[in-house]
Amino acid sequence: MTNPQTQKEISFEDFKTEVLNDYKIAITSRECSLLGRREVLTGKAKFGIFGDGKEVPQLAMAKAFKNGDFRSGYYRDQTFMMAIGEMNIQQFFAGLYGHTDIEHDPMSAGRQMGGHFATHSLNEDGSWKNLTLQKNSSADISPTAGQMPRLLGLAQASKIYRNVTGIHNKTNFSINGNEIAWGTIGNASTSEGLFFETINAAGVLQVPMVMSVWDDEYGISVHARHQTTKENISEILKGFQRDENGNGYEIIRVKGWDYPALVDAYQKAAQIAREEHVPVLIHVNELTQPQGHSTSGSHERYKNAERLAWESDFDCVRQMKLWMIALNIASPEELDEMENASKKEVLDGKKAAWEAFVSPTKNEQKELIALLDKIAETSDKKDFINKHTTELKGIKEPIRKEILITARKVLRRIVNESSRKELADWIVNYTEKIQPKFSSHLFSQSEENVFSVKEVLPTYDESAEDADARLILRDNFDAIFNKYPESLIFGEDAGNIGDVNQGLEGMQEKYGELRVADAGIREATILGQGIGMAMRGLRPIAEIQYLDYLLYAIQIMSDDLATLQYRTRGKQKAPLIIRTRGHRLEGIWHSGSPMGMIINAIRGIHVLVPRNMTKAAGFYNTLLETDEPALVVECLNGYRLKEKMPTNLGEFKTPIGVVETIKEGTDITIVSYGSTLRLIEQAAKELQEVGINAEIIDVQSLLPFDINHDIVKSVAKTNRLLVIDEDVPGGASAYILQQIVDVQNAYKYLDSKPETLAAKAHRPAYGTDGDYFSKPSAEDIFEKVYAIISEAKPDKYPSLY
């Protein structure tokens, strides 16, 4: 629909009905914003950030948005979500209140503040829905421009589905690659590097992406003159405009208050992106933000009277109303009546949402009060209990924190009374019921989680000869790409030369440039490609050339990928595999072991640290049978080492979360991972020569860690523990020690202080000596173990120094 002159096939009455329906959505959304702000200021909600001022362009975007399409957007897109039928008034307010019931707040079950939108890609059991039969929104995140890398992958999936044959169950995810990925962002956030990185990558890849910039000239209080060169994002991106000399973008500029022009612009953009697979940038300018950035402040503090007057005149809802009156679509009186009805509808929806939010908690309040009244009848602490009960009764609209605080405080006072158990049981049961509302789905809870895959050992011919370990990876990837047509790999140097270590040698020639692809030097959007494609049913492997370079992408991994299942309460997933390499390297920028930083930043992603390429290949085989994301860190100095070639490539599986004892011993348990294990094995041989028998355990995966608690069984035998790590002191070694001593309770069995041996706090200097003097050497390991044993047996093992 554009207007009655250009859209001949519909009548004026049909046109009028459609426009009036759009206006109703706009004024409903605006009223939600206005009332939502009041709910925050009265204390019912904690914080609000709303889409007022952006309503009309979002209506135009919604008209061009079809089933199968995906949105990756900005926290002001509430009108769009209402227009595509994926959010109603009550759900809007449920999100504002933080309702922990997914039926009431389908966006995140209270795990994100309002304004963060998502649709459900998964059934209750974690299986995929048919995404082509619904309009899709990938789950938003707050970090500015953080939605951009994922947007690239959502768009690239359409290109893969259009051009790669043989993908299983393809029609549940795409109809010939006709789907568009729609991005939205505020004008100020286009200053972020993630925006420019994504814009460049999408232009290179030529994917069906439509990027909308909502431009109201400000970023919170900071004017565009401090944000953007020339104060105009489309002006400075003019060089991206496609022409007869090369591919690029179609760039469209449109005023955000001009309803018919917006509809035309979005229809044009959709046709170009959907049919030609050309990215489009729509710069929507002259927008307003009537209530300022958020409920934290007022825009009157930083906008002058002239600007405020202009915003009042050119408010997009007001301008749409004037346009409708001018075209005789409706009279002012009819529109006033519609606005009044909308106000009542929003108020009723708000009340229903609040009642649904507080009702369960009030019932829980009554339940505890009844129990406390019963306990008080026979308690020596009756006055104390009654005081807390009265305080709890006085809370008209309690939160669960207040209920549990009351119960736990009373429990302390009746610890010696017979009624203690009844109250303690209530607290335990209540916590078990409520805690998952805030903590579930950090990892997959489906039948395809990583623990569902059983170990399959590699098999060998009797005549198997040693081969370069990189050949095991290469041939295993060959088996993977043949077995899983939906699998693909991409990264810096991953394609034409078969990766820098030749683990993909010949794969691009065999499987094509779309499935084995080179990428530019842009780690964040390599991760984003993987996230977006995994959200659309593909099985991508995103390659980051070296572990150190992961830092460019760690924000995306931490804020987006790691939280996806959690922040949607299991309604979206992205089973992305991230492949990288590191460990035992020389030089500040290739030292390869910031593991403590990584494992603490990406909880929600499994972190796997195989000691050789057979183990690594087994991890890839395991992960492709699961629905969870993981990081696999290959040992960079292991590609040319010799390993035997398995006969069951693509089939053998390394178990996740299971440690392996690679040498049994009786005197001390040594725990480590990756390339350092080779040095430990060397040191263990030398220790054996002086009568010290060390047990060596390879943790294999840091997240999850030793799910069978096998390490504590070893400590119970040896009574001594040493954790060796090439990360900085207090890095991954601190985590490993906490897991063993605290979680597994190994302290019970220790006869000596549990110790760690880590790298120096600095990064290694360049050159072979840089590694020796920076990270644990075989001599360091020998002497550390010797010192531990010497403390217990000084006569037999006198001090070396």
Query raised in the report: Checking side chain to side chain donor-acceptor pair (under 3.5 Å) for the pair Q156/R536: CA distance, chi angles, key distance, verdict?
Result: CA-CA 10 Å; Q156 189 181 3; R536 292 191 58 191; over 6 Å; no
Requested in this report: Start with the C-alpha distance between E492 and Y549, add both sets of side-chain angles, then the distance that settles side chain to side chain donor-acceptor pair (under 3.5 Å), and finish with yes or no.
Outcome: CA-CA 11 Å; E492 297 159 15; Y549 302 169; over 6 Å; no
Requested in this report: Go through the steps to decide whether N449 and D627 satisfy the test side chain to side chain donor-acceptor pair (under 3.5 Å), and finish with yes or no.
Outcome: CA-CA 6 Å; N449 66 68; D627 63 356; over 6 Å; no
Query raised in the report: ring pair (Phe, Tyr, Trp, His ring centres under 6.0 Å) between F443 and Y566: does it pass, once the steps are laid out?
Result: CA-CA 7 Å; F443 296 101; Y566 171 77; over 10 Å; no
Query - Test side chain to side chain donor-acceptor pair (under 3.5 Å) applied to R111 and S440, step by step - result: CA-CA 10 Å; R111 297 178 180 193; S440 71; 2.7 Å; yes
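Salt bridge absent: K573 and E628 never bring a charged side-chain N and a carboxylate O closer than 4.0 Å. With salt bridges taken as basic N to acidic carboxylate O contacts below 4.0 Å, one links R567 and D560. Comment: E660 engages R611 in a salt bridge, judged by a side-chain N to carboxylate O separation of less than 4.0 angstrom. K717 and E695 are joined by a salt bridge, as a carboxylate oxygen and a charged side-chain nitrogen come within less than 4.0 angstrom of each other. E486 and R539 are not joined by a salt bridge, as no carboxylate oxygen comes within less than 4.0 angstrom of a charged side-chain nitrogen. At a threshold of 4.0 Å, the pair D751-R720 does not count as salt-bridged, since none of the basic side-chain nitrogens sits closer than that to a carboxylate oxygen. A salt bridge links E651 and K483; the closest N-O separation between the charged side-chain nitrogens and carboxylate oxygens is under 4.0 Å. Salt-bridge formation is detected for the pair R579/D499: a Lys NZ or Arg NE/NH1/NH2 atom is positioned less than 4.0 Å from an Asp or Glu carboxylate oxygen. The residues E455 and K653 are annotated as not salt-bridged, no charged nitrogen and carboxylate oxygen being separated by less than 4.0 angstrom.
Between L514 and L488 the shortest side-chain heavy-atom distance does not fall below 4.5 Å. Using a 4.5 Å cut-off on side-chain heavy atoms (C-beta onward), M507 and R474 make contact. With contacts defined as side-chain heavy-atom distances shorter than 4.5 Å, the pair M613/L471 does not qualify. In this structure, N693 and I668 have side chains that are not in contact, with every pair of non-hydrogen atoms separated by 4.5 Å or more. Contact of the L152 side chain with the L205 side chain is registered, since non-hydrogen atoms from C-beta on lie closer than 4.5 Å. With contacts defined as side-chain heavy-atom distances shorter than 4.5 Å, the pair I578/I544 qualifies. The shortest distance between side-chain heavy atoms of I789 and K796 does not fall below 4.5 Å. Using a 4.5 Å heavy-atom cutoff, the side chains of F477 and N482 are not in contact.
Residue pairs that meet the ring pair (Phe, Tyr, Trp, His ring centres under 6.0 Å) test with at least one member in residues 455-475, sequence neighbours left out, do not exist here.
The two residues K784 and T756 have their closest heavy-atom pair at CE-O, 3.6 Å. Nearest heavy atom pair, residue D518 against residue G495, reads OD1-N, 2.8 Å.
Listed for the S790 side chain is no donor-acceptor partner under 3.5 Å among the backbone atoms of Y786.
For Y673, the ring-ring contact (aromatic ring centres under 6.0 Å, His included) test picks out H583, with sequence neighbours left out.
Summarising the local packing, CD of E625 is surrounded by more than 12 heavy atoms from other residues, nucleotides or ligands at distances under 6.0 Å.
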